[in-house]
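Here's the structure we're looking at; comments come further down.
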Amino acid sequence: MGRLPPPDKLTELLADVAVMVRPQKGKGRVADYIPALSQVSPDRFGMTVITVGGEESSTGDANIPFSLQSITKVPALILALNTNGDEIWERVGKEPSGTPFNYLAQLEAEHGIPRNPFVNAGALTVTDYLIDRLGNPAGAVRDFLKIVSQTDDVWIDETVAESEFGHAYQNKAIANILALHGTINNDPDLVLKAYCRQCAIHMSVVALTRAFLPLASGGFSPILGESVVTTRIARRVNALMMMCGMYDAVGSFAYRVGLPAKSGVGGGIVAIAPGVASIGVWAPELDRSGNSLLGTLALEQFVQATDLSLL
Ligand code: GLU
């Protein structure tokens, strides 16, 4: 695995990456199946790298909060694992799905057991689990992200949450199949509402990259000076991100970038270089799999320049 350049050179490199990816603008599409997300400017681009020593470098719109969407599935899983160890695995698998994030047929064929915690069916199951244990999963995830990033500017955008809930026809079907098979215990609408609120958490790329830093340093937060998760949980969450974090593009992402990562339809991606750094990027235009088009390209360019790929 490669090494990062010193902070001033790293900031220059990020600025170079931003210039390199710019010609691809206009080739993707901002998510519009959640109407509130379509209001975001497609021109945004922000990127941050934070080393395990706590040094931060950024470029572009890295301080503007955006909708995390599926990226929140990672802290939700961390809370579930922190709450009760391996219990969640009785209801959710750990295998890549090879299907879009909201695919229904696979869930039906597999008797209501989601492939992994990062497809929507799996994330809804984690939400259900957290409702029983923590009461308010979205609030718990928001508070966790606030604490780990040491940032106050982390909030649930209720307009985005309501916009998603009002149009969540596919996710409603998924929640109902989960209830039919007894994978979730609570009312499907209640679980879906909590899930939409969790997905509607907003924070900046800088704050997001800070929040994920413990996954790069064996569970230890250099910002808090204490462990946020055990080394074992950090390793396992990274494994799940590597195999399931980028939906049905997980193979091509491993081919191009070679790091565990999680994306969201808000256009964010956060990647982990274990032992070295966390890397966040935000660019709202998505490719056909629902991953940030410029974000993926930026990570590819960054990893090529630093040789940080794990593979
Ligand atoms: N809230 C979104 C959904 O369920 C999350 C999808 C994503 O970010 O990939 O459709």
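Order of listing sets the numbers, starting from 1, for every ligand and every atom in it.
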Any donor-acceptor N or O pair under 3.5 Å, side chains [X], [Y]:
X	Y	result
D32	S38	no
N171	N120	yes
Q170	Y33	no

Cationic tip of K262 above Y247 ring, under 6.0 Å, 45° of axis: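 Positive - K262 is close enough to the ring of Y247 and near enough to its axis.
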
Could you pull out every N or O of ligand 1 that sits under 3.5 Å from a protein N or O, with the distance for each pair?
{"residue": "ligand 1", "atom": "1 (N)", "partner": "Q69", "partner atom": "OE1", "Å": "2.6"}
{"residue": "ligand 1", "atom": "1 (N)", "partner": "E164", "partner atom": "OE1", "Å": "2.9"}
{"residue": "ligand 1", "atom": "1 (N)", "partner": "E164", "partner atom": "OE2", "Å": "2.7"}
{"residue": "ligand 1", "atom": "4 (O)", "partner": "N120", "partner atom": "ND2", "Å": "2.9"}
{"residue": "ligand 1", "atom": "4 (O)", "partner": "E164", "partner atom": "OE2", "Å": "3.1"}
{"residue": "ligand 1", "atom": "4 (O)", "partner": "N171", "partner atom": "ND2", "Å": "2.9"}
{"residue": "ligand 1", "atom": "4 (O)", "partner": "Y195", "partner atom": "OH", "Å": "2.7"}
{"residue": "ligand 1", "atom": "8 (O)", "partner": "S70", "partner atom": "N", "Å": "2.9"}
{"residue": "ligand 1", "atom": "8 (O)", "partner": "S70", "partner atom": "OG", "Å": "2.9"}
{"residue": "ligand 1", "atom": "8 (O)", "partner": "V265", "partner atom": "N", "Å": "2.7"}
{"residue": "ligand 1", "atom": "9 (O)", "partner": "S70", "partner atom": "OG", "Å": "2.9"}
{"residue": "ligand 1", "atom": "9 (O)", "partner": "Y247", "partner atom": "OH", "Å": "2.5"}
{"residue": "ligand 1", "atom": "10 (O)", "partner": "Y33", "partner atom": "OH", "Å": "2.5"}

For F144, does the CZ atom sit with more than 12 other heavy atoms under 6.0 Å from it, leaving out its own atoms?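 Above 12, so yes.
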
Any side-chain to backbone donor/acceptor pair from Q106 onto T99? Under 3.5 Å, distance only.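 Judged by distance alone, no pair lies under 3.5 Å.
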
